[in-house]
Amino acid sequence: FSTINRWENSKSIPNKNHIRLINKYLNKIDNNLKIKIDNFNKIKPLAYSFFSGGGGMLLGIKKAGFEIIFATDINDYSEKTHKRNLAEIPFLKSDVTLISAKDILKLTNFKKPDLIFGGPPCQGFSTIGSKISADPRNMLFQSFFKIINELQPKCVLIENVKSMLTMYQGKFADNIIRSFYDIGYR
């Protein structure tokens, strides 16, 4: 019963073997009863977007089949662009250091994401940026990570510049990888 309840509430979808078994039993009751696999393929995994900018990565994730149910950025132009082009997706204009998982869950009707994605600012790592290791934007990852740790999505996608892997002897990239490893992501 709990499995069927999860299917009905879109918390999971049945695999083909589940459907075959159900159809086998339904067929014994009535030849006209049958569940179609296609009915369950319409359920999209849920995603949250951070450091959304103009929405380019968000559009790519959406095109890949995800339902984006939350987006955020601190920038006024990002908010205006989002509201003009993606008004159906709730947007929170805020500093990521001030956002809590509880705030986001309230905005999304307590729907947890399957994926959290974002591109934290890269000016401190970019070969054409300031390249200042003490740039406070370099540390925004920590607030992003805190929210990810609280929500525990199935997947996380972080986009950044290539030089992040090597700049400052790769310490920032190593710290990010180690942080995710410590909470169970591989």
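Computed from heavy atoms alone, side chains included, the values below leave out hydrogens, waters and symmetry copies. Everything numeric here is computed off the predicted structure, so don't read it as measured data.
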Let me check something: any side-chain donor-acceptor pairs from residues 63-72 under 3.5 Å, sequence neighbours excluded? List them with distances.
unit_1	atom_1	unit_2	atom_2	d
Thr72	OG1	Leu92	O	2.6

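- Qualifying salt bridge (charged side-chain N to carboxylate O under 4.0 Å, His left out) partners for Lys111, counting only residues two or more places apart in sequence or in other chains: none.
- Cluster annotation: Leu151 and Phe51 are assigned to the same hydrophobic cluster (Ile/Leu/Val/Met/Phe/Trp/Tyr, side-chain heavy-atom contacts under 4.5 Å, transitive).
- For Lys80, there are no salt bridge (charged side-chain N to carboxylate O under 4.0 Å, His left out) partners at least two apart in sequence or on another chain.
- Listed by chain and residue number, Met57, Ile61, Leu115, Phe117 satisfy the side-chain contact (heavy atoms from CB on, under 4.5 Å) test with Leu157 (two or more places apart in sequence, or in another chain).
- The ring pair (Phe, Tyr, Trp, His ring centres under 6.0 Å) pairs that include a residue from residues 85-116 are His82-Phe91, where partners are two or more places apart or lie in different chains.
- For the atom pair Ile176 CD1 and Ile158 CD1, the distance stands at 5.5 Å (nearest 0.5 Å).
- Residue pairs meeting the side-chain hydrogen bond (donor to acceptor under 3.5 Å, both in side chains) criterion with at least one member in residues 90-110, sequence neighbours excluded, are Tyr48-Thr108, Asp76-Lys93, Asp95-Thr97, Ser100-Asp103.
- For Asn75, the side-chain contact (heavy atoms from CB on, under 4.5 Å) criterion is met by Asp73, Tyr77, Ser78, not counting sequence neighbours.
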Take Leu86 and Glu88 through the side chain to side chain contact (heavy atoms under 4.5 Å, CB included) test and state the conclusion after the steps.
CA-CA 5 Å; Leu86 302 159; Glu88 74 281 5; 4.2 Å; yes

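- The side-chain hydrogen bond (donor to acceptor under 3.5 Å, both in side chains) pairs that include a residue from residues 49-60 are Ser49-Ser52, where partners are two or more places apart or lie in different chains.
- Contacts classified as salt bridge (Lys or Arg N to Asp or Glu O under 4.0 Å) and involving residues 50-59 (residues at least two apart or in different chains) are not found.
- Listed by first and then second residue, the side-chain hydrogen bond (donor to acceptor under 3.5 Å, both in side chains) pairs involving residues 144-153 are Asn149-Gln152 (not counting sequence neighbours).
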Identify all side-chain donor-acceptor contacts of residues 178-186 below 3.5 Å with residues at least two apart in sequence or on another chain.
unit_1	atom_1	unit_2	atom_2	d
Ser179	OG	Asn175	O	2.8
Tyr185	OH	Pro153	O	2.5
Arg186	NH1	Tyr181	O	2.8

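- Taking hydrophobic clusters as Ile, Leu, Val, Met, Phe, Trp and Tyr residues chained together by side-chain heavy-atom distances below 4.5 Å, Ile74 does not share a cluster with Ile147.
- In this structure, NZ in Lys62 is found 4.5 Å from CD1 in Ile89, a value given to the nearest 0.5 Å.
- In summary, of the residues considered (Phe141, Phe144, Phe145), a ring-ring contact (aromatic ring centres under 6.0 Å, His included) with Phe50 occurs for Phe144 alone.
- Partners of Asp114 by salt bridge (charged side-chain N to carboxylate O under 4.0 Å, His left out), not counting sequence neighbours, listed by chain and number: Lys154.
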